[in-house]
Amino acid sequence: MRIVAALEALKSEGKLPADLTLVGIEAAPPRGPNHGDVASNAAMVLAKSARMKPRDIAEALTDKLRSDPEIARVEVAGPGFLNITFVPAFWQQAVARIRTAGVDYGRTDLGRGERVNVEYVSANPTGPMHVGHCRGAVVGDTLANLLAFVGYDVTREYYINDAGGQVDMLARSAYLRYREALGEDIGVIPDGFYPGDYLKPVGTALAEKYGPSLLGKPEVDWLGQVRIFALDMMMSLIRDDLAQLGIAHDVFFSERSLMAGNRDIVAETIATLRDEGHVYQGRLEPPKGEVNPDWEDREQTLFRSTAFGDDADRALLKSDGTYTYFAPDIAYHKTKWERGFKHIIDVVGADHAGYKKRLQAAVAAVSGGKGKIDVIFCQLVKLFKDGQPFKMSKRAGTFITVRDVVDEVGRDPVRFMMLYRKNDSPLDFDLAKVIEQSKENPVFYVQMAHARAKSVFRNVAEVFPDLTETSRGVIDADLTLLTDAGELDMVKKLAFFPELIEGAARAHEPHRIAFYLYEVASSFHGHWARGNETPQLRYIQADNKAITAARLALVAVHAQVLATGLAILGVGAPQELR
RNA sequence: GGUCCCGUAGCUCAGCCGGAUAGAGCAGCCGCCUUCUAAGCGGCAGGUCGCAGGUUCGAAUCCUGCCGGGAUCGCCA
């Protein structure tokens, strides 16, 4: 900001070309501590278009910036970096600025109230959630929190895949359990059926509701009712699992609803796209590489996704005439656009990797090119048990549920762990490690920084009972007493929070917050330990109320930023850990 | 074979819309608890940022091509 102002001043003074456009200028915290508080590349970026030497621009800028009373030092370094050091007062006052902003510190109006739809989880409604679903759930939920924090109008949505063949198998499996509940020996669960015990209560409930009335009837007579019944129970199971993670969606959108009742929105969507030339009858090239023995060359109904950058056109109808998974998905995304969402975000698993382009194509086609969709991939969670890779299978009934894990380790470690990784990277999730060595989990490190801060306020009550967190004594503290380098380092970290939030929101990368909070916690723990060795550095100075008050103000904003950040992650900020 | 993701310290990973001497945790070594929570802190050691080109004043970061690992490729969702 100041740099831009200085550049503008130089332009008007004729020391820089007046038509110079100021793009690509950055001011960021430098790597090393010897390069000031912020470093700017302005001189180097502008050198070419201004046809001047970087160092000359830098020198001119330096003269301008030196007149700023909040800037202590400006140095030109290396090829033309500007290293700017602020006066301590600048950072001291930052504490006041952070405190004044309060719970809104870091909040921006980036989203300008625009509506964004974040779809996440969308696990098949054929059983409870397992740990593999956790990641997308937590990443999606946190991204939704983050976008809401920066001013978007966020809708959290779950797409229920209740129209495919797998829900018929669910119904058949539930029917088996129903017969079992009525006393029949069902023997071994046949191949292809869902064998998990979680279907037993469904069978029991069916038996209670219908008695023996469904027995001995052909499938067509019971499949529909049993499917609805089982789906209902599965979805409530999943909602409970999500609640365990602290997740609540605003909308549960049923795939089946797209083609139920007297309207078939999928057919309507296809017809519209056909009118617009995006759907045609044609043939596909067989996939290259491994030969699929079942490949059969036939004319089919295709979506021209290649027109929007996809690698191949995509089939909309199976050979039996029913829709592929993709067909209702186009209609579904059309409803997102028609429901007024300017931004659409899908959080999906890595197994959908090839799906991005066709979704982008679909959204482009149904929105006339105006809709924006971002597809976020969460790489696989590799599960380890006792150091050994652990293979889960819903069909085989060997899987570890979200409930198991949350019951064992708690919501906070699970959520934090899922976020303490870039979503593009695979994630090793070792149950033994998370459970037994939970102290290695960074979540405790961050939570402890918060708890410790709170403990300072508990302890100060014995010396200065009137210096509570919200007291005038703390709020009006003389911040110029914050002079220690460790204290100012803490402030500098905290001052970066708004930029961090905005960057994470723009990039749709919630993990950045987790890493940032770790750094904030680190600056706090470091200063804390220095207090162990040097008592004068401790927050509470029994013989100096003014210094204590100033330091408490710093502790308060530290706790406040941690709490705000943790809240976005959906992780608790405990008062004490013990 | 196509597409997408990944390759950074012994291990697990940050950093990636170009910026200065590449960071953290764990493991290893040396220190710090009569003292605000040691679930913590400081220090040492550890790197040809997969390889090779290219763009640039400047490349871990952008482009191309290889190599390695993972995911996926009509009639599953």
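Just so we're on the same page: letters track the sequence lines, and every chain starts at 1. None of the values given here were measured: they were computed from a predicted structure.
As rounded to the nearest Å, B:rC4 and B:rC41 have C1' atoms that lie 43 Å from one another. Comparing the P positions of B:rG54 and B:rG46 gives an interatomic distance of 32 Å, to the nearest angstrom. Nucleotides B:rA77 and B:rG40 place their C1' atoms 48 Å apart, quoted to the nearest Å.
A:H278 and A:F303 have perpendicular rings, their planes meeting at more than 60° on a 0 to 90° scale where under 30° would count as parallel. Classified by interplanar angle (parallel below 30°, tilted 30° to 60°, perpendicular above 60°), the ring pair A:H352/A:Y355 is perpendicular. Using cut-offs of 30° and 60° for the angle between ring planes, the A:Y539 and A:F524 rings count as parallel. Taking the six-membered ring where the residue is Trp, A:Y332 and A:Y159 present parallel rings, their angle staying beneath 30° rather than reaching 60°.
In this structure B:rC73 sits in the anti conformation; its chi angle is more than 90° from 0.
Among the protein residues, A:A507 comes within range of no part of the nucleic acid, since none of its heavy atoms lies under 4.0 Å from any strand.
Here A:F81 counts as stacked on B:rA20: its ring centre is under 5.5 angstrom from the base ring centre and the planes meet at under 30°.
If you measure from atom NE2 of A:H527 to atom P of B:rC41, you get 14 Å, rounded to the nearest angstrom.
The CG atom of A:L316 lies 8.5 Å from the CZ atom of A:R274; values are rounded to the nearest 0.5 Å.
Near RNA chain B, meaning a heavy atom under 4.0 Å from it, residues 308-322 of chain A has A:D311, A:A315, A:K318, A:S319 in order of number.
With salt bridges taken as basic N to acidic carboxylate O contacts below 4.0 Å, none links A:R452 and A:E576.
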